[in-house]
*Asks:* 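Structure incoming, see below.
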Protein chains: 2
Amino acid sequence: MARRQRSSLTDVAHAAGVSIATVSRAMSQPEMLRADTLERVRAAAARLGYRPDHVARTLASGKSHTVGVVIPTLNSPIFADTLQEMQRSLDAAGYQLLVASHEYDPAGEFAAVDKLLAHGIDGLVLVGGSRPEATWKLVESAGVPVVQMWCGRSDHACVGVDNHAAGELVARHLLALGHRRIAVITGRLRHNDRQRARLEGIRAALSEAGVALPAAYLTEQALSVPGGRVGCSILLELADRPTALIGTVDVIAIGAIAECHARGIAVPEEMSIAGIDNIELAAHVSPSLSSVEIPATRIGSETVERVLALIADMTKAGHVMLPIELVERHSTGRPGETR
Amino acid sequence: MARRQRSSLTDVAHAAGVSIATVSRAMSQPEMLRADTLERVRAAAARLGYRPDHVARTLASGKSHTVGVVIPTLNSPIFADTLQEMQRSLDAAGYQLLVASHEYDPAGEFAAVDKLLAHGIDGLVLVGGSRPEATWKLVESAGVPVVQMWCGRSDHACVGVDNHAAGELVARHLLALGHRRIAVITGRLRHNDRQRARLEGIRAALSEAGVALPAAYLTEQALSVPGGRVGCSILLELADRPTALIGTVDVIAIGAIAECHARGIAVPEEMSIAGIDNIELAAHVSPSLSSVEIPATRIGSETVERVLALIADMTKAGHVMLPIELVERHSTGRPGETR
DNA sequence: TTGTACGCGTTATCAT
DNA sequence: ATGATAACGCGTACAA
């Protein structure tokens, strides 16, 4: 029992010669007290090193001043940016962020949500809208405001981007450069609506241009640099080798560049490569990576704004679509004549 | 008040026709109940969708089954690895991880610790041992077990690596290759004992070899890829340009490689570059980065093991030093004869 | 302006 | 094996 070293309201009340209610007010509604009383209480509190107990406060008030966020993984530059900003914004508002991750496992997400809910969060933030009904049931039955990030179902608030459009943007960029043999490395599509939307966007742009996406030109890999390398090497083995390659996230695209480099394939001369996310590193690899800017930081701040609003009054908030844009760099170019 | 949709012990007790004590036992010590009673309670609980309230449980028991960790930033691959593993290990033990970050600001760290403590954490994890006395006072007065990661003061438990040795390793590697003009790009040294230790290690190795580290050969930059680029460009402007360059973290070293590449300086032919951390990306940049492996994941798991042990019995645990090793890749070579 | 007293949902200590 | 009931530390009507 670590507890009981810390002093409580009762201790301070005793020391200041007032009731615990007065001390409680001194902490939350100072203006309700007479100046001298307030001073006396504060002095006593300071002397005893009193610190309010958040747990008791939560139990009594029903508000924990805490919002929970469940993300697929901590190990992603894009999520890290968003989290960082969420933490900042929430902190500024006197809230605490509770993070849980689940490694792209639906059961793990359910467990994480359950745990967070039990911890008495005031608001919940999820990534994407695709999850088992059981999980949705759980959060709905808890009566806690939810906001989805990146993309999500229409029956709950969402702050995100048009992932479908992001896919179209990269694909069209490559098409405009003259590519016709365009291959795609995605993350696992199962349980990942962001990936699916991006891929669909790519598909739409290609078919619109009368370009096919053969099954052999599509490979699902881990959302990591090694994943990108593996995917790239598979595509490079093809008899009818593509002239361009889309990674549905930058880390995959960066892996693809690495693999080409390792095999002595010139980028973009022999192979154009583009990604989506525009993570910081994209500008610094060589060649620098053409990508689609996803405003991760802003997703974080807007999301926080949303949850806090929902916590304040349970007004239904709608969907917010943040702008995205193509960032052309040096990893993409016209298809080589050689072939 | 979102609360009060969820059913409580009382509700279940009522529904099952038993006392709340019995329900409580059904949840925590099922073996104490008669089989049929247990069954009845469980049925009622399931029917009402009962979920124990962690907050109330914490208040009553004095244990929150939660450990807090305060890190400099979420935006670092090395910390991300550690956090990921901590989350995994803690989850397996039925604990929840509470993360806070402070962007390398001591005041921010104090605030974060204060907040975490108020939230009733059972254990606290910090990075490094260098912080204002006020912060140490705070955690000590809270009576919560603490373990430091990476490195730390001797009066508290610590799971880390020998950062000094890490610095020595890279420096010696470069010295062994024949370099004599070795420059260093570190992160900000203030409030960062890991960086200081690494730099001191480098200094020690250099002076041992009779090689000087002129002030001009040392630059403090942000712990990021752009930071590495800036640092590198400064060092490249020098009249007496170094032949090798150490980034005290891999992201900085990777930035340096990017800068050399942008300027058409061949690595390692014209400039050798090495880092510390051995993040995943190090193996995939080109040229691949020579680095010192820091077992980030293992730091996470061992740290968790330690806090949990300390929480179980307040026995003082000592310092654990995890092994590190040099990983030679292709960003380092013998100094060019040209000059 | 300040004090009293009850409730928040559990755990834990006594009884029974 | 099960039931009362007092904490836990705080918020907050309601009284004074």
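Letters A, B, ... mirror the listed sequences (proteins, then strands); counts begin at 1. Nothing here was measured: the structure is a model prediction, and the numbers come from that model.
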*Asks:* Any ion pair linking A:Lys115 and B:Asp91 (charged N to carboxylate O, less than 4.0 Å)?
*Replies:*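 Here B:Asp91 pairs with A:Lys115 in a salt bridge, since their nearest N and O are under 4.0 Å apart.
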*Asks:* Which of these nucleotides, C:dT4, D:dA4, C:dT2, is closest to any side-chain atom of B:Ala21?
*Replies:*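 Side chain of B:Ala21 sits closest to D:dA4.
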*Asks:* Nearest to the B:Asp53 side chain among C:dC8, C:dT10, D:dC10, which nucleotide is it?
*Replies:*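 Nearest to the side-chain atoms of B:Asp53, counting from C-beta on, is C:dT10.
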*Asks:* Tell me whether the OP1 or OP2 atom of C:dT11 has a side-chain N or O from B:Arg57 closer than 4.0 Å.
*Replies:*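 Result: yes.
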*Asks:* Looking at D:dT2, I'd like to know if its phosphate oxygens (OP1 or OP2) sit under 4.0 Å from a side-chain N or O belonging to B:Thr22.
*Replies:*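 So the side chain of B:Thr22 is outside the cut-off, no N or O lying under 4.0 Å from OP1 or OP2 of D:dT2.
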*Asks:* From the options C:dT11, D:dG3, D:dG11, select the nucleotide whose nearest atom is closest to the side chain of A:Leu9.
*Replies:*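 Shortest atom-to-atom distance from the side chain points to D:dG11.
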*Asks:* Report the distance from atom CD of A:Glu31 to atom P of C:dT1, rounded to the nearest whole Å.
*Replies:*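 To the nearest whole Å, that distance equals 10 Å.
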*Asks:* If you only use heavy atoms from C-beta on, which nucleotide in D:dG3, D:dT2, D:dT12 is closest to the side chain of B:Thr37?
*Replies:*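 The answer is D:dT2.
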*Asks:* Measure the distance from CD1 on A:Ile20 to P on C:dG3 and round it to the nearest whole Å.
*Replies:*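 So the CD1-P distance, A:Ile20 to C:dG3, works out to 11 Å.
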*Asks:* Can you check whether A:Ser8 has a side-chain N or O nearer than 4.0 Å to OP1 or OP2 of D:dG9?
*Replies:* no
*Asks:* Could you please name the option among D:dG11, D:dG3, C:dT2 that lies closest to any side-chain atom of A:Ser61?
*Replies:*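 Nearest to the side chain of A:Ser61 among the choices is D:dG11.
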*Asks:* Going by atom types only, do A:Asp81 and A:Thr297 share a side-chain donor-acceptor pair under 3.5 Å?
*Replies:* no
*Asks:* Give a yes or no on whether a salt bridge exists between A:Lys137 and A:Glu140, defined as a side-chain N under 4.0 angstrom from a carboxylate O.
*Replies:* no
*Asks:* In this structure, how many angstroms lie between the P atom of C:dG9 and the NZ atom of B:Lys63, rounded?
*Replies:*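 Whole-Å distance recorded here is 23 Å.
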*Asks:* Identify which nucleotide among D:dC8, D:dA13, D:dT2 has an atom closest to any side-chain atom of B:Leu33, counting heavy atoms from C-beta outward.
*Replies:* D:dT2
*Asks:* NA contact type, B:Met27, heavy-atom cut-off 4.0 Å: base, sugar-phosphate, or nothing?
*Replies:*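 Counting heavy atoms under 4.0 Å across all strands, no contact is made by B:Met27.
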*Asks:* Would you kindly check whether a donor in the side chain of A:Arg51 faces an acceptor in the base of D:dG9, or vice versa, at under 3.5 angstrom?
*Replies:* no
*Asks:* Which of parallel (below 30°), tilted (30 to 60°) and perpendicular (above 60°) describes B:His54 and B:His65?
*Replies:* perpendicular
*Asks:* Is the gap between the ring centers of A:Phe79 and A:Trp150 under 6.0 Å?
*Replies:*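 Under 6.0 Å, so yes.
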*Asks:* If the cut-off is 4.0 Å, is B:Ser19 near the phosphate of D:dG3, judged by side-chain N/O to OP1 or OP2?
*Replies:*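 Yes, because at least one side-chain N or O of B:Ser19 sits under 4.0 Å from OP1 or OP2 of D:dG3.
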*Asks:* What nucleotide, of D:dG3, C:dT4, D:dG11, holds the atom closest to the side chain of B:Val18?
*Replies:*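 Out of D:dG3, C:dT4, D:dG11, the nucleotide with an atom closest to B:Val18's side chain is D:dG3.
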*Asks:* Measure from the side chain of A:Ser24, starting at C-beta and using heavy atoms only, and say which of C:dT13, D:dT12, C:dG7 lies closest.
*Replies:* D:dT12
*Asks:* To the nearest Å, how far apart are B:Asp11 CG and C:dT10 C1'?
*Replies:* 13 Å
